[in-house]
Amino acid sequence: MSAMKDREELEALDQALDALVGRGPRSLEELLVTFPNQSELVRQVQSVEKTYAVFATSVLPETKAKHVAALMEAARNTSPQIVVLPAKSRLRRVLRPIAVLAIVASLALMPTVALAQTSQPGEALYGTKLAFENLQVLVATDSEDDARLHLLFASRRLEELSVVVAEGRSDEIRHVMSNFHSHAAGAEGEIDELAAAGEAVSELSADLAAVLRKHVIVLKGLADNAECVEGDEEAGDSQCKGLLHAIENSSKVLDRHPGLGSEDARGKSGEHGRPDEPGKPTDTGKPTGLPSQDSTPTEPGPPAGAGRP
Amino acid sequence: MKADQPKDGSSSLAEHAIERAQKRDPHAWAEVYEAFSGQLYGYFLHQVRDRETAEDLTSGVFLEALQAITRFTGGPVELRAWLFQIGRHNLIDHFRKNGRVQVTSINEVEVGELNRAGGTHDPEDSAMVNLDRARILKAIDSLSSDQKEVVLLRLNGGLTSPEIARIVGKTPGAVKALQHRAFSSLSRILSAPPALS
């Protein structure tokens, strides 16, 4: 009851503030009717309206004139074709020759590497497989390639996880999960970087969401088998704590990357991922779209193009 | 009060102004600056407490946006959130290089700035208004940096909770909780009788 009251209070304040800044569907007067139990709160916001002007200010006219002149001049001098490369890309251009050398060195080990690709957790060549994956991430030329590779490797870990879980190999489960987390975090970092650079990330974000949802399903299966009680992390054993913590972490990332199906990703970006298409590697070994699980995101995803240039 | 209408320039910015801005039309950029510079400047001024720095940060946002505008998709409302996202990154860089402002008192420049923008020029009213504004600014300074940021993005930027959530990398629920705590603190501080000095 108290939680419900708290939620209503949060919602009433949020809608009242939306009304205050002119962004809500209802006026403050209408909110008094909508939230009769929160009338005091709404009236408080109403009283803030009088002092709201304290937040309004503007650049001095002479400064404004200077800024506008500089901006217009910059616009005239900026060709639409000029694209400022993100710092990372410039850095990578420098690092690329070094990375190419690393690839050449790895070619010497090619038969072993090829053999390692089919190895499974616990097998002798599994470490080589992971090392080669890390090398592929290292030589990726930009954040998008990086993100796709991380997602591809994370989905491989999920497949391996199903096998080791079925066989009850607890040491390998930990190892595989740890590597999964590393790739999922890597993918999220690259996606955030792309978003901050103003790139459209809705498709990558959806792929990440699909991988995470699958991961949560596997974790929940494990938690059920271990008879872990959700919301009772303190009382459970260390395995349960670890599992519930991992579920919570993945859910948090999912909150930030709810994937396609959200309003922003569907409508505003003009970009549509392919949620129904299974992920398949391209000629370059990169996934084009990972399997999308059923999802009902509750919050919209980040706006396409929103981010720091 | 009229709802549905943002109290800012985004409502006056025509959709095609963004298309023209993407083609680097100088006049479109002047319109974009006119529409959003006040909100950004107010946000920066409250954060850095220095007029020149706030002006530089404001100008920087538009110059940076000019370079990246071709990658932007959306309308005026999304554009505002995008500009604030750029602004917040620049502000974080600024704080990283120069350190955060430790506010010990409300300086005259700030109140003067706010009076100029708020249109209070009547000397008879100004003493009381200054007192109110100084109290509000002081109350905002007493908030945690997270709460202060949410309040300023909410009231200076006119942004909604989901928009702020995307900008600051939190969930909308977390933003709502932060703003609730912030407004409870503000309400408590502002309802207390002013201290005699």
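Each chain gets a letter, A, B and so on, in the order the sequences are listed, and its residues count up from 1.
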**Q** Minimum heavy-atom separation for Ala70(A) and Leu63(B), please, with both atom names.
**A**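 For Ala70(A) versus Leu63(B), the nearest heavy atoms are O-CD2, 4.3 Å.
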**Q** How about Glu52(B) and Thr63(A): do any of their side-chain heavy atoms sit closer than 4.5 Å?
**A**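 Not touching, per the 4.5 Å side-chain cut-off.
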**Q** Among Asp25(B), Ile167(B), Thr58(B), Thr160(B), which residue forms the greatest number of heavy-atom pairs with chain A at distances under 4.5 Å?
**A**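 Answer, by heavy-atom pair count under 4.5 Å with chain A: Thr160(B).
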**Q** Let me confirm one number: the CG-OG distance from Leu41(A) to Ser184(B), rounded to the nearest 0.5 Å.
**A**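 Here the rounded value is 8.0 Å.
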**Q** What are the two closest non-hydrogen atoms of Pro26(B) and Ala75(A), and how far apart are they?
**A**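 What the structure gives for the nearest pair is CA-CB, 3.9 Å.
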**Q** Report the residues that fulfil salt bridge (Lys or Arg N to Asp or Glu O under 4.0 Å) with Glu55(B), sequence neighbours left out, ordered by chain and then residue number.
**A**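 Applying salt bridge (Lys or Arg N to Asp or Glu O under 4.0 Å) to Glu55(B) gives none.
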**Q** Counting C-beta onward and ignoring hydrogens, is there a side-chain heavy-atom pair between His67(A) and Tyr33(B) closer than 4.5 Å?
**A**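 Side chain of His67(A) against side chain of Tyr33(B), heavy atoms only: contact under 4.5 Å found.
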**Q** If you look at every heavy atom in Leu71(A) and Leu66(B), which pair is closest and at what distance?
**A**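 Heavy atoms of Leu71(A) and Leu66(B) come nearest at O-CD2, 4.2 Å.
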**Q** Quick check on Glu73(A) against chain B: is it the side chain, the backbone, both or neither that has a heavy atom closer than 4.5 Å?
**A**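 Neither the backbone nor the side chain of Glu73(A) comes within 4.5 Å of chain B.
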**Q** Let me confirm one number: the CG-OG distance from Leu13(A) to Ser161(B), rounded to the nearest 0.5 Å.
**A**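 Leu13(A) atom CG to Ser161(B) atom OG measures 8.5 Å (nearest 0.5 Å).
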**Q** Would you call Arg154(B) and Asp14(A) a salt bridge, using N to O less than 4.0 angstrom?
**A**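 Looking at Asp14(A) together with Arg154(B), the answer is yes, because their closest N to O distance falls below 4.0 Å.
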**Q** If you round to the nearest 0.5 Å, how far is CG of Leu17(A) from CG of Leu159(B)?
**A**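 Reported to 0.5 Å precision, the distance equals 12.0 Å.
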**Q** For Ser187(B), give me all partners under side chain to side chain contact (heavy atoms under 4.5 Å, CB included), at least two apart in sequence or on another chain.
**A**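 For Ser187(B), the residues satisfying side chain to side chain contact (heavy atoms under 4.5 Å, CB included) (neighbours in sequence not counted) are Gln44(A).
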**Q** What pair of heavy atoms forms the shortest contact from Lys176(B) to Leu10(A), and how long is it?
**A**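 Result for this residue pair: O-CD2, 3.6 Å.
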**Q** Using only atom types and a distance under 3.5 Å, with no angle test, would you say the side chain of Arg23(A) pairs donor to acceptor with the backbone of Gly158(B)?
**A**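 A pair under 3.5 Å: yes.
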**Q** Counting only heavy atoms not in Glu40(A), do more than 12 fall under 6.0 Å of its CD?
**A**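 Open.
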**Q** Going through the distances and angles, do Leu60(A) and Arg51(B) end up as a side chain to side chain contact (heavy atoms under 4.5 Å, CB included)?
**A** CA-CA 10 Å; Leu60(A) 285 168; Arg51(B) 190 171 66 202; 3.8 Å; yes
**Q** Can you tell which part of Lys64(A) gets under 4.5 Å to a heavy atom of chain B, answering side chain, backbone, both or neither?
**A**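 Contact with chain B: backbone and side chain both.
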